[in-house]
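Okay, so here's the structure we're looking at.
So that the names make sense, note that chain A is the first sequence line, chain B the second, and so on, each numbered from 1. It should be emphasised that the depicted structure is a prediction, and the values quoted were computed from it without experimental measurement.
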Amino acid sequence: MTVSVQAEDFDVAAEIAALSAGRNEVGAVATFLGLVRDVSGGSNVAAMTLEHYPGMTEKSLGEIVEQACSRWSLYGVRVIHRFGRLEPGDRIVFVGVAGAHRGEAFAACEFIMDYLKTRAPFWKLEETPEGACWVDARDSDDSAAARWEQGSR
Amino acid sequence: MTVKILYFASLKEALGCTEESFVLPSGVSTVGELRSFLADRGEKWKALGEGRNVRAARNQRMAAPADPVLPGDEIAFFPPVTGG
(Lines give C-alpha, C1' and ligand atoms only; values in the text may rest on other atoms or scores of the structure.)
Protein backbone atom coordinates (compact mmCIF):
# COMPACT_ATOMS: atom_id res chain seq x y z
CA MET A 1 0.00 0.00 0.00
CA THR A 2 1.32 3.46 -0.91
CA VAL A 3 -0.48 5.61 1.67
CA SER A 4 -1.29 4.78 5.29
CA VAL A 5 -3.05 6.97 7.85
CA GLN A 6 -2.75 5.25 11.20
CA ALA A 7 -2.50 5.68 14.97
CA GLU A 8 0.25 3.07 15.30
CA ASP A 9 3.97 3.67 15.02
CA PHE A 10 5.91 2.28 12.05
CA ASP A 11 9.26 0.60 11.39
CA VAL A 12 11.42 3.01 9.38
CA ALA A 13 14.03 0.41 8.40
CA ALA A 14 11.37 -2.01 7.18
CA GLU A 15 9.67 0.72 5.14
CA ILE A 16 12.93 1.76 3.51
CA ALA A 17 13.85 -1.85 2.72
CA ALA A 18 10.43 -2.48 1.17
CA LEU A 19 10.90 0.40 -1.30
CA SER A 20 13.71 -1.42 -3.08
CA ALA A 21 13.03 -5.06 -2.22
CA GLY A 22 13.34 -7.18 -5.34
CA ARG A 23 13.83 -4.12 -7.55
CA ASN A 24 17.39 -3.81 -8.76
CA GLU A 25 16.50 -0.86 -11.00
CA VAL A 26 16.27 1.30 -7.85
CA GLY A 27 19.44 3.31 -7.41
CA ALA A 28 18.25 5.85 -4.85
CA VAL A 29 15.83 5.96 -1.92
CA ALA A 30 15.22 9.39 -0.37
CA THR A 31 13.27 9.62 2.88
CA PHE A 32 11.81 12.21 5.20
CA LEU A 33 10.92 11.47 8.82
CA GLY A 34 8.95 14.02 10.84
CA LEU A 35 9.11 13.92 14.66
CA VAL A 36 7.26 15.59 17.53
CA ARG A 37 9.38 18.37 19.07
CA ASP A 38 9.31 19.30 22.75
CA VAL A 39 9.11 23.02 22.05
CA SER A 40 6.86 25.17 19.88
CA GLY A 41 6.78 28.95 19.65
CA GLY A 42 8.68 29.26 22.93
CA SER A 43 6.39 26.93 24.88
CA ASN A 44 7.22 23.48 26.13
CA VAL A 45 5.13 20.81 24.48
CA ALA A 46 4.26 17.79 26.63
CA ALA A 47 2.30 16.08 23.86
CA MET A 48 0.23 16.77 20.78
CA THR A 49 -2.94 15.32 19.36
CA LEU A 50 -3.31 15.08 15.61
CA GLU A 51 -6.85 15.29 14.33
CA HIS A 52 -7.66 14.43 10.72
CA TYR A 53 -10.55 14.13 8.27
CA PRO A 54 -10.99 10.39 7.67
CA GLY A 55 -11.64 9.73 4.01
CA MET A 56 -10.37 13.04 2.71
CA THR A 57 -6.97 12.47 4.32
CA GLU A 58 -6.32 9.24 2.42
CA LYS A 59 -7.71 10.76 -0.79
CA SER A 60 -5.58 13.90 -0.63
CA LEU A 61 -2.38 11.96 0.17
CA GLY A 62 -3.12 9.60 -2.73
CA GLU A 63 -3.53 12.55 -5.09
CA ILE A 64 -0.26 14.11 -3.91
CA VAL A 65 1.55 10.83 -4.60
CA GLU A 66 -0.09 10.62 -8.04
CA GLN A 67 1.13 14.13 -8.85
CA ALA A 68 4.67 13.24 -7.78
CA CYS A 69 4.57 10.14 -9.98
CA SER A 70 3.46 12.21 -12.96
CA ARG A 71 6.25 14.76 -12.45
CA TRP A 72 9.14 12.36 -11.92
CA SER A 73 9.94 8.84 -13.02
CA LEU A 74 9.69 6.93 -9.73
CA TYR A 75 9.84 3.25 -8.85
CA GLY A 76 8.06 3.44 -5.53
CA VAL A 77 6.51 5.85 -3.03
CA ARG A 78 5.47 5.29 0.58
CA VAL A 79 3.66 7.81 2.78
CA ILE A 80 2.68 7.12 6.40
CA HIS A 81 1.03 9.76 8.59
CA ARG A 82 -0.02 9.11 12.16
CA PHE A 83 -2.96 10.61 14.07
CA GLY A 84 -3.98 10.63 17.73
CA ARG A 85 -1.89 11.57 20.77
CA LEU A 86 1.88 11.71 20.27
CA GLU A 87 4.71 12.68 22.59
CA PRO A 88 8.04 14.44 21.92
CA GLY A 89 10.36 12.14 20.00
CA ASP A 90 7.48 10.18 18.48
CA ARG A 91 7.40 9.70 14.73
CA ILE A 92 4.61 11.64 12.95
CA VAL A 93 5.19 11.24 9.24
CA PHE A 94 7.33 9.18 6.87
CA VAL A 95 7.83 9.78 3.16
CA GLY A 96 10.02 7.41 1.14
CA VAL A 97 10.69 7.70 -2.58
CA ALA A 98 12.57 5.20 -4.74
CA GLY A 99 14.00 6.19 -8.11
CA ALA A 100 16.87 5.46 -10.45
CA HIS A 101 18.96 8.42 -9.21
CA ARG A 102 19.07 10.82 -6.27
CA GLY A 103 17.78 13.83 -8.24
CA GLU A 104 14.22 12.66 -8.70
CA ALA A 105 14.17 10.89 -5.32
CA PHE A 106 15.16 14.04 -3.36
CA ALA A 107 12.88 16.30 -5.40
CA ALA A 108 9.81 14.06 -5.20
CA CYS A 109 10.28 13.54 -1.46
CA GLU A 110 10.42 17.29 -0.84
CA PHE A 111 7.47 17.91 -3.18
CA ILE A 112 5.32 15.38 -1.33
CA MET A 113 6.13 16.93 2.06
CA ASP A 114 5.51 20.49 0.83
CA TYR A 115 2.13 19.53 -0.62
CA LEU A 116 1.20 17.41 2.38
CA LYS A 117 1.85 20.39 4.68
CA THR A 118 -0.70 22.56 2.88
CA ARG A 119 -3.24 20.07 1.47
CA ALA A 120 -3.61 17.05 3.72
CA PRO A 121 -6.36 17.66 6.31
CA PHE A 122 -4.46 17.24 9.59
CA TRP A 123 -4.53 19.61 12.56
CA LYS A 124 -2.19 19.66 15.57
CA LEU A 125 -3.37 20.41 19.10
CA GLU A 126 -0.41 20.95 21.44
CA GLU A 127 -0.43 20.45 25.20
CA THR A 128 1.62 23.25 26.80
CA PRO A 129 1.92 24.64 30.35
CA GLU A 130 -0.43 27.44 29.18
CA GLY A 131 -3.06 24.91 28.12
CA ALA A 132 -4.06 23.12 24.94
CA CYS A 133 -3.34 25.17 21.84
CA TRP A 134 -4.16 24.59 18.16
CA VAL A 135 -1.12 25.09 15.96
CA ASP A 136 -1.46 27.94 13.44
CA ALA A 137 -0.65 27.31 9.80
CA ARG A 138 2.53 29.02 8.64
CA ASP A 139 2.83 31.22 5.57
CA SER A 140 6.23 29.64 4.91
CA ASP A 141 4.46 26.33 4.28
CA ASP A 142 2.26 27.97 1.64
CA SER A 143 5.26 29.49 -0.12
CA ALA A 144 7.13 26.17 0.03
CA ALA A 145 4.24 24.48 -1.78
CA ALA A 146 3.76 27.38 -4.22
CA ARG A 147 7.30 27.22 -5.59
CA TRP A 148 6.47 23.85 -7.22
CA GLU A 149 3.76 25.56 -9.27
CA GLN A 150 6.14 28.04 -10.87
CA GLY A 151 8.16 25.36 -12.61
CA SER A 152 11.28 26.73 -10.97
CA ARG A 153 12.49 23.38 -9.68
CA MET B 1 -32.17 19.08 -0.58
CA THR B 2 -30.01 18.07 2.36
CA VAL B 3 -26.22 18.25 2.73
CA LYS B 4 -23.95 16.88 5.43
CA ILE B 5 -21.68 19.49 7.00
CA LEU B 6 -18.56 18.61 8.99
CA TYR B 7 -16.39 20.86 11.15
CA PHE B 8 -12.85 20.17 12.31
CA ALA B 9 -10.20 21.25 14.82
CA SER B 10 -10.40 24.77 16.34
CA LEU B 11 -13.46 25.58 14.24
CA LYS B 12 -15.30 22.53 15.59
CA GLU B 13 -14.49 23.66 19.14
CA ALA B 14 -15.57 27.26 18.52
CA LEU B 15 -18.89 26.13 17.05
CA GLY B 16 -19.46 23.26 19.50
CA CYS B 17 -20.50 21.18 16.51
CA THR B 18 -18.89 18.21 14.79
CA GLU B 19 -21.44 17.36 12.15
CA GLU B 20 -24.91 18.40 11.05
CA SER B 21 -27.48 17.56 8.45
CA PHE B 22 -28.52 20.80 6.79
CA VAL B 23 -31.45 21.57 4.49
CA LEU B 24 -30.26 23.94 1.77
CA PRO B 25 -32.30 27.15 1.82
CA SER B 26 -33.14 28.85 -1.47
CA GLY B 27 -30.37 31.15 -2.57
CA VAL B 28 -27.62 28.89 -1.25
CA SER B 29 -25.99 27.13 -4.19
CA THR B 30 -22.23 27.57 -3.64
CA VAL B 31 -19.74 26.78 -0.90
CA GLY B 32 -19.23 30.50 -0.25
CA GLU B 33 -22.97 31.16 0.03
CA LEU B 34 -23.35 28.24 2.41
CA ARG B 35 -20.54 29.57 4.58
CA SER B 36 -22.11 33.06 4.69
CA PHE B 37 -25.51 31.63 5.57
CA LEU B 38 -24.05 29.54 8.41
CA ALA B 39 -22.00 32.48 9.70
CA ASP B 40 -25.23 34.48 10.15
CA ARG B 41 -26.89 31.91 12.39
CA GLY B 42 -25.72 33.46 15.66
CA GLU B 43 -22.84 34.75 17.74
CA LYS B 44 -20.62 31.68 17.82
CA TRP B 45 -21.18 31.08 14.10
CA LYS B 46 -19.25 34.25 13.34
CA ALA B 47 -16.22 31.94 13.50
CA LEU B 48 -17.17 31.12 9.90
CA GLY B 49 -17.51 34.79 8.94
CA GLU B 50 -15.66 36.76 6.34
CA GLY B 51 -12.12 37.55 7.32
CA ARG B 52 -11.76 34.36 9.34
CA ASN B 53 -9.17 31.96 7.99
CA VAL B 54 -11.46 29.07 7.08
CA ARG B 55 -10.95 26.47 4.36
CA ALA B 56 -13.62 24.28 2.81
CA ALA B 57 -13.88 20.90 1.16
CA ARG B 58 -16.66 19.52 -1.01
CA ASN B 59 -16.99 15.75 -1.15
CA GLN B 60 -13.53 15.39 0.43
CA ARG B 61 -11.71 17.68 -2.04
CA MET B 62 -10.47 21.19 -1.27
CA ALA B 63 -13.13 23.61 -2.52
CA ALA B 64 -13.26 27.26 -3.60
CA PRO B 65 -16.09 29.64 -2.58
CA ALA B 66 -17.56 29.53 -6.10
CA ASP B 67 -17.82 25.74 -6.17
CA PRO B 68 -21.42 24.46 -6.32
CA VAL B 69 -23.24 22.77 -3.43
CA LEU B 70 -25.69 20.06 -4.44
CA PRO B 71 -28.09 17.89 -2.43
CA GLY B 72 -26.28 14.89 -0.97
CA ASP B 73 -22.91 16.66 -0.84
CA GLU B 74 -20.53 16.35 2.08
CA ILE B 75 -19.22 19.82 2.86
CA ALA B 76 -16.50 20.43 5.44
CA PHE B 77 -15.17 23.63 7.01
CA PHE B 78 -11.88 23.78 8.87
CA PRO B 79 -8.87 25.97 9.67
CA PRO B 80 -5.75 25.84 7.45
CA VAL B 81 -4.13 22.43 7.83
CA THR B 82 -1.08 21.85 10.06
CA GLY B 83 0.00 18.25 9.50
CA GLY B 84 3.41 16.87 8.66
Side-chain angles (χ1 to χ4, degrees), chain A residues 5 32-37 40-41 48-64 79-84 86 91-95 109-126 131-142 144-145, chain B residues 2-22 30-32 34-35 38-39 43-84:
Chain A
V5 180
F32 174 84
L33 180 64
L35 305 168
V36 180
R37 298 177 69 214
S40 170
M48 68 161 63
T49 300
L50 268 150
E51 179 176 332
H52 77 115
Y53 180 175
M56 181 172 168
T57 313
E58 294 81 355
K59 216 174 275 187
S60 63
L61 292 175
E63 284 172 8
I64 292 166
V79 177
I80 306 171
H81 203 302
R82 295 177 68 191
F83 61 86
L86 301 172
R91 289 176 272 268
I92 306 174
V93 59
F94 173 84
V95 176
C109 189
E110 196 172 14
F111 170 89
I112 290 169
M113 272 312 300
D114 285 347
Y115 268 42
L116 182 156
K117 279 273 187 187
T118 54
R119 299 184 182 195
F122 289 97
W123 301 273
K124 287 179 182 145
L125 179 67
E126 292 176 338
C133 183
W134 290 98
V135 173
D136 281 328
R138 294 189 305 183
D139 291 341
S140 59
D141 288 334
D142 280 332
Chain B
T2 301
V3 295
K4 181 168 145 184
I5 308 178
L6 305 174
Y7 305 98
F8 289 95
S10 55
L11 188 60
K12 173 182 71 181
E13 287 186 352
L15 300 175
C17 181
T18 302
E19 177 180 338
E20 63 178 311
S21 180
F22 182 79
T30 67
V31 171
L34 175 61
R35 176 178 163 181
L38 297 171
E43 192 57 35
K44 68 180 180 185
W45 294 93
K46 286 179 182 164
L48 278 167
E50 250 178 85
R52 301 300 186 94
N53 206 350
V54 173
R55 305 290 162 90
R58 175 184 178 235
N59 297 328
Q60 304 190 347
R61 279 211 157 79
M62 290 292 189
D67 288 352
V69 175
L70 297 171
D73 278 356
E74 178 177 300
I75 307 294
F77 294 102
F78 42 78
V81 302
T82 56

Problem set entry | Option that, when pairs with chain B are counted at under 4.5 Å, heavy atom only, ranks first among A:Lys117, A:His52, A:Met113 |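 Looking at each option in turn, the highest pair count goes to A:Lys117.
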For this session: Would you mind telling me which of A:Val135, A:Asp141, A:Val93, A:Leu116 has the largest number of heavy-atom pairs within less than 4.5 Å of chain B?
Result: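 Top option by heavy-atom pairs under 4.5 Å: A:Val135.
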Exercise. Any idea how B:Trp45 and B:Tyr7 line up, ring-wise: parallel (<30°), tilted (30 to 60°), or perpendicular (>60°)?
Worked result: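 It falls in the perpendicular class, over 60°.
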Problem set entry | Greatest number of heavy atom pairs closer than 4.5 Å to chain A - which of B:Ala57, B:Gly83, B:Ala9 |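 Counting heavy-atom pairs under 4.5 Å, the top option is B:Ala9.
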Problem set entry | Region of A:Ser60 in contact with chain B, defined by heavy-atom distances below 4.5 Å |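 Nothing of A:Ser60, per the 4.5 Å heavy-atom cut-off to chain B.
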Exercise. Of the backbone (N, CA, C, O) and the side chain (C-beta and beyond), which part of A:Lys59 lies under 4.5 Å from a heavy atom of chain B, both, or neither?
Worked result: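 When you check distances to chain B, only side chain atoms of A:Lys59 fall under 4.5 Å.
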Problem set entry | Side-chain donor-acceptor pair present, A:Glu63, A:Tyr115, cut-off under 3.5 Å |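 No, no side-chain donor-acceptor pair sits under 3.5 Å.
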For this session: Under 4.5 Å heavy-atom distance to chain A, tell me which part of B:Asn59 shows up: side chain, backbone, both or neither.
Result: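 Backbone only.
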Problem set entry | Salt-bridge present (A:Glu51, B:Lys12; N to O < 4.0 Å) |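 Salt bridge: yes.
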Exercise. Hey, are B:Arg58 and B:Asp67 close enough for a salt bridge, meaning a charged N less than 4.0 Å from a carboxylate O?
Worked result: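 Salt bridge between B:Arg58 and B:Asp67, a charged N being under 4.0 Å from a carboxylate O: no.
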Exercise. Between CE of A:Met48 and CG of A:Leu125, what distance do you get to the nearest 0.5 Å?
Worked result: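 CG of A:Leu125 is found 9.5 Å from CE of A:Met48.
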